[in-house]
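Every chain is numbered from 1, with letters handed out A, B, ... down the list of sequences.
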There are 2 protein chains.
Amino acid sequence: MRSFTEENYLKIIYHLAEKTNNVQTNAIAEQIQTKPASVTDMIKKLAEKDLVDYVKYQGVTLTEKGKQAAVDIVRKHRLWEVFLVDKLNFKWDEVHDVAEELEHIKSVDLIERLDEFLGFPKSDPHGDPIPDKHGRFAKTQFIKLTELKIGDGGTITGVSQHSSAFLKHLEKLGLTLGKQIEVSDVTDFDGSVEILVTGKQINISREVAKHILISTNGKN
Amino acid sequence: MRSFTEENYLKIIYHLAEKTNNVQTNAIAEQIQTKPASVTDMIKKLAEKDLVDYVKYQGVTLTEKGKQAAVDIVRKHRLWEVFLVDKLNFKWDEVHDVAEELEHIKSVDLIERLDEFLGFPKSDPHGDPIPDKHGRFAKTQFIKLTELKIGDGGTITGVSQHSSAFLKHLEKLGLTLGKQIEVSDVTDFDGSVEILVTGKQINISREVAKHILISTNGKN
DNA sequence: AAAAATTTTTAGATTTACCTAAAAATAAAT
DNA sequence: ATTTATTTTTAGGTAAATCTAAAAATTTTT
Ligand SMILES: [Mn+2]
Ligand SMILES: [Mn+2]
Ligand SMILES: [Mn+2]
Ligand SMILES: [Mn+2]
């Protein structure tokens, strides 16, 4: 039986490993809101259980077993988020914290039935892919809005920032999942991006654009 | 913020208090699967937080505040059970353990929306009443099947035993919530009860009959 | 009303997940 | 190649929830 805390560590390490191969102690500490010394303690425990490979001072990587466990938690997190949005009418900026709790409920049966009840969704309210029961999922092929050139277009299919403030902001701008956009200009001065969405011309800061993920129609 | 453990103690004390006014240390220990010494420690903590009234060697009673907290957990437990049965097609004997975990999820918003999603159910899959958001609920007026006399009838509206074994047994006998029954005989030898249900005559042990709750039609 | 049995509490440890402060290792800058 | 800065680990401690063994209070029996 894996503890609530162990599960959180595994998930955080998994997400950090998407960026850098070797995950550092301080990075984990920051994410998990704890001190580096505590992280070292927990890492030793996870290594003891063969969930991570650990070389002193060199950071950690998840073992196959650890990766499986982490993906399983990610699966639960995202399925619960779908449930909250699709069935309980939560907004996409309101679901993360509750899902953080729900993802630790233990029953396998529960999550399989929930998956079925939701119609086996492929992605969560933020466009992130939902692993199937074997932990498999298609690697998403999104590009950042900031990588588009003037004249390029595509569909908003994800976000790389899940803070409530950011998501609320996008909602207000009408930049939700599925919307078609086209880049009409990029301001030299501050790098802000002018885009065309649902017939309107709007300007968004580079900071915002950076976290909007686009799937191009393959036409560019 | 109340811990998982504190919540479990409050709920157990609440349920025990339905039987006896002053709840004893050993009774709590048995229910919570721990040792009396541990219970004493926790009781002191709960008393410190004004959740229970405690007199050494005299057991505990919930304060108004403690009762509120306990009823809130019971509400969550029962709503989740309804969700599992109505939406995820769990059987009534499969839901208790998962609900034990789900009842500790913290968001108030979540539970209000879940309540609405389920259509504000008044009772759970075992016939137990679901408190509303203010903790109010009608006191159920069931009688035990064993209290019926020969010729008396009524509707099965609850059970006072939630073990999977018991519930599966009832299911097999066709004794589920809502079924009309009538007592046709009581065996002198072992006190077993012969009942008429959906046209069939069946015999159930006194032990089983004791845990079946009946609402009479007021005709007796 | 004493003695015996039961229940409850205290005392002292253990485990898990943290912490702070200081030491050790690694990386970056001069 | 040293020195300096940063990162990571160790050492030693704390709080929550548990435990065992023993003491104290209460209840039951004689
Ligand atoms: Mn999330
Ligand atoms: Mn998400
Ligand atoms: Mn239950
Ligand atoms: Mn129930």
Using a 4.5 Å cut-off on heavy atoms from C-beta on, say whether the side chain of [Y] contacts that of [X].
| X | Y | result |
| --- | --- | --- |
| V95(A) | V85(A) | yes |
| Q68(B) | K65(B) | no |
| W92(A) | L177(A) | yes |

Starting at atom [atom1] of [X], determine the distance to atom [atom2] of [N], rounded to an integer number of angstrom.
| X | N | atom1 | atom2 | answer |
| --- | --- | --- | --- | --- |
| K49(B) | dA15(D) | NZ | P | 15 Å |
| Q58(A) | dT8(D) | CD | C1' | 10 Å |
| I32(A) | dC18(C) | CD1 | P | 7 Å |
| N22(A) | dA27(C) | CG | P | 11 Å |
| K35(A) | dT16(C) | NZ | C1' | 19 Å |
| M42(A) | dC19(C) | CE | P | 11 Å |
| L46(A) | dT16(C) | CG | P | 13 Å |
| E7(A) | dT16(C) | CD | C1' | 16 Å |

*Give me the one residue out of R2(B), K11(B), K76(B) that meets salt bridge (Lys or Arg N to Asp or Glu O under 4.0 Å) with E103(B).*
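Passing option: K11(B).
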[N] OP1/OP2 closer than 4.0 Å to side-chain N/O of [X]:
| X | N | value |
| --- | --- | --- |
| K44(B) | dT9(C) | no |
| N26(B) | dT8(C) | yes |
| Q24(B) | dT8(C) | yes |
| S38(B) | dT18(D) | no |
| S3(A) | dT16(C) | no |
| T40(A) | dT10(D) | no |

*Is Y9(B) touching bases, backbone alone, or none of the nucleic acid, heavy atoms closer than 4.0 Å?*
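Answer is sugar-phosphate: Y9(B) comes under 4.0 Å of backbone atoms only.
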_Within the 4.0 Å heavy-atom criterion, would you say Y54(A) contacts the bases, only the backbone, or no part of the nucleic acid?_
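Sugar-phosphate, backbone atoms only, no base.
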*salt_bridge(K168(B), E171(B)) N-O dist < 4.0 Å*: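 No, this pair does not count.
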What's the closest nucleotide to the [X] side chain, out of [options]?
| X | options | answer |
| --- | --- | --- |
| A37(A) | dT8(D), dT20(C), dC18(C) | dT20(C) |
| T5(A) | dT27(D), dT7(C), dC18(C) | dC18(C) |
| T25(A) | dT10(C), dT18(D), dT8(D) | dT8(D) |
| Y57(A) | dT9(C), dT26(C), dC19(C) | dT26(C) |

*Do we see a donor-acceptor contact under 3.5 Å between the side chains of D190(A) and S192(A)?*
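A donor-acceptor contact under 3.5 Å links the two side chains.
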_First encountered from the 5' end of DNA chain C, between Q33(A) and K56(A)_ =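 Per heavy-atom nearest nucleotide, the more 5' residue is Q33(A).
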